[in-house]
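Note that the structure is a prediction, hence the values are computed from the model and not measured. Counting starts at 1 for both ligands and their atoms, following the listed order. Reckoned from all heavy atoms, side chains included, excluding hydrogens, waters and symmetry mates.
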Amino acid sequence: MAKRTLTGTSLDTLVSLAKRRGFVFQSSEIYGGLSSVWDYGPVGVELKRNVKDAWWKSMVRERDDIVGIDASILMHPDVWVASGHLAGFSDPLVECNECHRRYREDQLEGEVCPNCGGDFGPSRQFNLLLKTFLGPVEDDAATVYLRPETAQAMFVNFENVQTTSRKKIPFGIAQIGKSFRNEITPGNFTFRTREFEQMEMEFFCEPGTDDEWHEYWMKFSMDWFKKFGIRGEKLMLRVHEADELPHYSKASADVEYEFPWGWGELETISNRTDFDLKAHTAKSGKDLSYFDDQKKERYVPFVVEPAMGADRSALAFLADAYDEEGEGKEMRVVLRFHPDIAPFQVAVLPLSKKDTLSPTARRVYDVLRQNFNTQYDGTQSIGRRYRRQDEIGTPLCVTVDFDTLDDDAVTIRNRDTMEQIRVPIENLEAAIRDQMNAMRIDCQG
Ligand code: GAP
């Protein structure tokens, strides 16, 4: 099957495709937009949901040793004192003496302002926590923070979750949710934003087994991206140098993807040791140790954390799926998503708008939508409709034509091969499953 050598494209082309086909729009666009804040449209919301569902299924539903939670974005302010975020969650900031633009110092290339060539003033640390006030009084006592990571809810709920789920160590707690950081220089579309979604899992293990679990979760993470279609040669695992480790980490590694502008982080897998549980015990006075009833001993578990960005991963899936075939007017743009990641799995297309085909096409649609995320598209020429489905990466199109009225059969067109096969409607679901299974194997990176 001719696949896997994908052409890729520039970020500008991806941004324009994303807007044109309903993946991502700029937030508050009719007011001129809000810088670096994005909204997912009807196609993009399905893509991101599929990424999150694939992660949740692999992490929680398919495993016995991980359970999920869904915690609040707002937490007690002492959480961020204990975690170290209030004192130390900052990036180095410099300001140009001429145009007063501000930059993250560690991301600058060169000594002068990229905007005007001016000199920079002294570097200072800028705290990335976003704050707001809880209740009707706006003073220090009412200040709360929008969480900068979902992880802390897993630590402060450690005992609640462990006792109610009756899990024994080693076990993990997973969560998907919004996080906020007042980034100095957001950018590269949805890659670095101030509001974003994370998929994080805290894996609690016995001290001394943590290095082994770190290895395990690094491999798991790389394999997960490949399983859902990211090409292996576009991924790398980059181990952190000692001087770039987060304050809580003994060892960290990033899964990086080669985006159109270069390599960028999708996920960090860290060995957080017993830093967080001990810090919350010290601040709250609540003992967060664990009694191992087989070993008959009490210890504070170590934590290994795979922390992934949902938006960055969705962007990587989009960038990696992009392919162009042919040239000029004949050029076909096709997103070769894995079938579990594709926003829609099937499109039902009646060949003509004529009323004679609609009842059968709607009947097919109603059956398929029970089991597959299916779109119905009855307008424009069939060629334009195929092109549209290719551009949003729908693996299979089912065409209902005038012969269908006689033979009760339809045509399935495969996105990648463009091969068309005729199948009786009664065998359609099985035929779709077969083709999607073949595509799943074909898509593995
Ligand atoms: N709990 C650990 C933690 O939050 P992190 O490396 O700072 O680790 C994890 O974040 C992941 O969250 C990143 O690998 C990235 O995918 C995503 N992420 C972090 N900051 C982001 C931002 N400003 N915009 C979009 N995604 C972001």
Side-chain angles (χ1 to χ4, degrees), residues 24 27 35-38 40 48 51-52 55 59 69 71 73 75 79-80 82-85 88-91 104 106-107 126-130 145-156 172-203 214 217-218 221-222 224-225 230 235-240 244-257 259 263-273 275-277 279-280 303-319:
V24 178
S27 161
S35 170
S36 297
V37 185
W38 302 95
Y40 288 83
K48 192 168 145 187
V51 171
K52 290 188 288 183
W55 187 87
M59 271 299 174
I69 61 167
I73 287 169
M75 301 179 78
V79 168
W80 309 113
S83 69
H85 284 84
F89 190 51
S90 50
D91 281 332
R104 219 176 111 171
D106 57 339
Q107 288 178 345
F126 176 79
N127 192 289
L128 304 185
L129 286 177
L130 272 159
Y145 302 90
L146 305 187
R147 66 182 177 198
E149 60 172 11
T150 60
Q152 293 304 321
M154 275 82 98
F155 302 130
V156 302
I173 309 177
Q175 179 173 208
I176 299 178
K178 291 266 185 172
S179 293
F180 299 81
R181 295 180 190 178
N182 201 7
E183 298 280 0
I184 299 168
T185 43
N188 282 335
F189 197 28
T190 54
F191 181 79
R192 189 181 305 284
T193 52
R194 294 186 172 119
E195 171 182 344
F196 54 94
E197 223 165 341
Q198 289 186 307
M199 308 187 284
E200 296 196 289
M201 194 276 291
E202 310 304 319
F203 197 75
H214 194 215
W217 286 110
M218 286 189 287
S221 299
M222 288 291 282
W224 187 86
F225 282 108
I230 304 267
L235 288 170
M236 73 167 169
L237 191 70
R238 192 184 67 77
V239 176
H240 284 207
E244 57 173 329
L245 287 176
H247 62 277
Y248 47 74
S249 174
K250 162 183 161 186
S252 293
D254 291 343
V255 176
E256 294 198 350
Y257 175 74
F259 283 99
W263 291 92
E265 169 197 327
L266 299 178
E267 178 176 13
T268 303
I269 304 102
S270 292
N271 183 339
R272 293 184 78 128
T273 68
F275 174 89
D276 301 272
L277 290 180
H280 288 300
V303 175
V304 175
E305 171 198 70
M308 196 189 287
D311 307 87
R312 282 190 191 178
S313 301
L315 183 59
F317 281 111
L318 179 68

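- Atom 15 (C) of ligand 1 has as its closest protein heavy atom Arg312 NH1, 3.5 Å.
- The protein heavy atom nearest to atom 18 (N) of ligand 1 is Phe196 CE1, 3.6 Å.
- Of the protein's non-hydrogen atoms, Ala307 O, 3.6 Å is the one closest to atom 11 (C) of ligand 1.
- In this structure, atom 7 (O) of ligand 1 lies nearest to the protein heavy atom Arg181 NH1, 2.8 Å.
- For ligand 1, the atoms sitting less than 4.0 Å from at least one non-hydrogen atom of Tyr248 are 2 (C), numbered in the order shown with element in parentheses.
- For the pair Thr190 and ligand 1, the shortest N or O to N or O distance does not fall below 3.5 Å.
- Scored by the side-chain hydrogen bond (donor to acceptor under 3.5 Å, both in side chains) test, Trp224 finds Ser58 as partners (sequence neighbours excluded).
- Ranking protein heavy atoms by distance to atom 24 (N) of ligand 1, first place goes to Thr193 N, 3.0 Å.
- Taking every heavy atom of both residues into account, Met199 and Gly309 meet most closely at CE-O, 4.3 Å.
- Of all the heavy atoms of Arg194, none lies under 4.0 Å from any atom of ligand 1, so neither backbone nor side chain is involved.
- Between Gly309, Ser83, Pro186, it is Gly309 that holds the heavy atom closest to atom 17 (C) of ligand 1.
- Near Arg272, meaning under 4.0 Å from one of its heavy atoms, ligand 1 places the atoms 1 (N), 2 (C).
- Taking the six-membered ring where the residue is Trp, Phe189 and Trp38 present perpendicular rings, their angle passing 60° and hence far from 30°.
- For Leu266, a nitrogen or oxygen atom sits less than 3.5 Å from a nitrogen or oxygen atom of ligand 1, counting backbone and side chain alike.
- Side chains of Glu265 and Arg238 form no contact here, defined as non-hydrogen atoms less than 4.5 Å apart.
- Between Glu305, Gln198, Gln152, it is Glu305 that holds the heavy atom closest to atom 2 (C) of ligand 1.
- Residues Trp217 and Met201 are in side-chain contact: their nearest non-hydrogen atoms beyond the backbone lie under 4.5 Å apart.
- Contact annotation: for Tyr257 versus ligand 1, there are no heavy atoms closer than 4.0 Å.
- Across the listed options Glu265, Arg147, Arg192, Glu265 owns the non-hydrogen atom lying nearest to atom 13 (C) of ligand 1.
- A 4.5 Å side-chain heavy-atom check between Asp91 and Phe126 finds every atom pair outside the cut-off.
- Of the charged side-chain nitrogens involved, none lies within less than 4.0 Å of a carboxylate oxygen, so that Arg147 and Glu200 do not count as a salt-bridged pair.
- Between Met308 and Ser221, the closest side-chain pair of non-hydrogen atoms is not below 4.5 Å.
- Counting protein heavy atoms only, atom 25 (C) of ligand 1 is closest to Phe191 O, 3.1 Å.
- In summary, the atoms of ligand 1 found under 4.0 Å from a heavy atom of Thr268, numbered by their order in the structure, are 6 (O), 14 (O).
- Of all protein heavy atoms, the one lying nearest to atom 3 (C) of ligand 1 is Glu200 OE2, 3.5 Å.
- Ring geometry, His85 versus Trp80: the interplanar angle exceeds 60°, so the pair is classed perpendicular (tilted spans 30 to 60°).
- Contact check for Gln152 versus His280: side-chain heavy atoms found under the 4.5 Å cut-off.
- Using a 4.5 Å cut-off on side-chain heavy atoms (C-beta onward), Arg192 and Asn188 make no contact.
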